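Read the structure below first, then the notes.
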Amino acid sequence: MPKYIFITGGVVSSLGKGISGASLGKLLQLNGLNVNMIKCDPYINVDAGTMNPFQHGEVFVTDDGAETDLDLGYYERFLGINACGANNVTTGSVYKAVIERERRGEFLGATVQVIPHITNEIKSRFRALEKNHDVTIVEIGGTVGDIESLPFLEAARQMRQDLGPGNVIYVHVTLVPYIESADELKTKPTQHSVNKLREIGIDPNFIICRSSKALEAGIKDKIALFCSVPREAVIEAKDLDSIYDVPEALHNQGISEQALMLLGIRAKRHDFEKWYAFTRRTKALQKNVTIAIAGKYIKLKDSYKSLTEALVHAGFANDAKVRLNYIDVEDPDCEKTLRESDGILVPGGFGSRGIEGKIRAITLARELKKPFLGICLGMQCAVIEAARNLAGLAGANSTEVAPKTKYPVIDILREQKKVRDKGGTMRLGAYTATLAPGTLAAKAYGKTEISERHRHRYEFNSKYVKLLDKAGLRVTGIYKPKKLPEIVELRGHPWFVGVQSHPEFKSRPEQAHPLFKAFVEACLKARSSAA
Ligand code: GLN
C-alpha cells in the first residue's frame, strides 16, 4: 500500500513548512526509505512562472523545464532528489485540466463540481507519482482557514478514506508565539488552528510548533491535551542557526520513529551518522569570505534562495563561512560595499531596471580583478560590459532592454521572435553544454560535457562572438546543437566566469556545485592575497 504524509500549516504563513516537510523527508530517507515530495499551491496561476519574485520568492526550475514553487528547491537540496513539474500541483493547473476535459465532453453531461471532480484530479496527481516510493510527503501551501486551500485539504482528507488510516498521516505546523509583556509562549492560536483543521475532517497526528523559544514541558502538555494528540507528538521547532540542523532537532524528539510506527513501515537502515558528521562540520568552519550579490530583488531574500544556498554549500566545501552582502545596484553608494567584498556575483533577473548598475558592478570586478560569477542575466551583462568597454561598441545592449540598439550583443533567437507574442518562448529546463578544455569552467566541473537548467529568453548573439573574443571575452562553453554560447570567461583575469544557465538549482549541501565551489575558492584566494 502507498504511504502518505500530509503537511498543513496553521496560524500564519511563512512558518517554514517546506523546511519542516523536507526535514521529515530527510529523516525517512536516512531510515533507508525512498521518499518523494509534492507541493500543492492554492493559487490560480497555472505555474509560478508568471509570479513576481518580490512577492513570491524565487521561481525554482526543474530539469524538465517546469517553473515551480521554491519549496521544491528545499526538497531537492534536503533529499538530493530531482523533482519534476508534476511535483508541484497548483489550483490553476488542476482547474485547467478539469475544464479542458469538460470541454472535450469527458464528463458525459455530469455537473462538474469541486467534489468530486476537482478533488479527484488532485488525488490523481498525487497517486501518479507514488510508484517506486515508500512514502510520499505532500505539503499543502497556505494556511488552514483560507478559502483557497480547501479543495486540497479535502483531497488530503479523502486520501485517508481511500487508503485506510494506517497509510495516511497528517502533520500540522503551527506558530506558538512568544508574548514579551507576559514573558509567555501562547498556545491558543495553535488550539484554534487545530480546531479549524478538525472542522474539515482532518485529525493531525503531529503538531510541529514553530517558536522563537524552546517549549517548556507545560506547554507541550497543554497543546497535547487541548489538541488531543499524544504528548510526544507535539514537536518543538524553534528557530535555529542553520536550516540543516532542523532534521536532527526533529529526530531528537522521535518524530521519524513515531511516523514509521503510525504508517506501519520498518526502517531499512540508519544513515544518520554521516549526515550528523556533515552538519557538525558546518558549525566549525575555519575561514571567512564575503561575497556581494549585486541584484535588484534584494528586499525579499527568498528571491535568491537557491543562489544563496549554493554559496553557503560552496562555503561548506571550502571550510568557509560565507557572508553575503546583498547590494541594490540602484543605490549610488553601493560601490563601497562592492569594493569591500572578496567577490562579486551578478544574479539572474528580468526587465531593464538595474541593468546599468549591474554593468557598473562588473566593470569594477573586471578592473579590480575581483572574482566574478555572472548568472544568466549576470552573464548577459558581462557580455554587454565587454562589448562597450573592451570592444568599443558604444551603446551595445540587450534587445530586452533596448530593442533598437545598434549593437544587439544579447538578442532573442530568430525562431523565438516568431512566437514571442504567443508566450512560451523561454529556454527552460536542462540543456547540455560542451566546455573548452583547460578553461576555468572545465577545471571547475572536472569534465567537458555538462547539463544545467535554463530559464531565459535572450542569448549571447553569435554574430559578436569573434569580436568579443578578440577584445578578451572568450566563449568557453557552447550548446552544440544550436551553437549557442553558454559560458564566457575573461582573459587575463584570475576568475571571471559568466554562465547562461542557473547552476544554483543543482547545488546540494553535501555536494556543493562545482562552479560555486571554484568561485568561493577564488574569493578566498583573493581575500588572502589582499590581507
Ligand atoms: N532576462 C534575461 C532573459 O530572458 C535573463 C533571464 C534570467 O536571468 N533568468 O534572457
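When a ligand or atom number is given, it counts from 1 through the structure's own listing order. No experiment lies behind these values; they were computed from the predicted model shown.
Ring pair Phe505/His454: centre-to-centre distance not below 6.0 Å. Phe372 has its ring centre no less than 6.0 Å from the ring centre of Trp495. The ring of Phe496 has its center no closer than 6.0 angstrom to the ring center of Phe519.
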Could you tabulate the donor-acceptor pairs under 3.5 Å formed by side-chain atoms of residues 38-49, not counting sequence neighbours?
| unit_1 | atom_1 | unit_2 | atom_2 | d |
| --- | --- | --- | --- | --- |
| Lys39 | NZ | Asp41 | OD1 | 3.1 |
| Lys39 | NZ | Asp69 | OD2 | 3.0 |
| Lys39 | NZ | Asp71 | OD2 | 2.9 |
| Asp41 | OD2 | Tyr43 | OH | 3.4 |
| Asp41 | OD2 | Asn88 | ND2 | 3.1 |
| Asn45 | ND2 | Thr50 | OG1 | 3.4 |
| Asp47 | OD1 | Gly49 | N | 2.8 |

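Pairs engaging residues 382-392 under the side chain to side chain donor-acceptor pair (under 3.5 Å) rule: Glu356-Arg388, Thr363-Glu385, Arg366-Glu385, Glu385-Asn389 [sequence neighbours left out].
Under the rule for a salt bridge (Lys or Arg N to Asp or Glu O under 4.0 Å), the partners of Glu335 that lie at least two apart in sequence or sit in another chain are Arg339.
Protein residues are said to neighbour a ligand when one of their heavy atoms lies under 4.0 Å from it; for ligand 1 these are Gly348, Gly349, Phe350, Cys376, Leu377, Gln380, Glu400, Arg455, His456, Arg457, Tyr458, His502.
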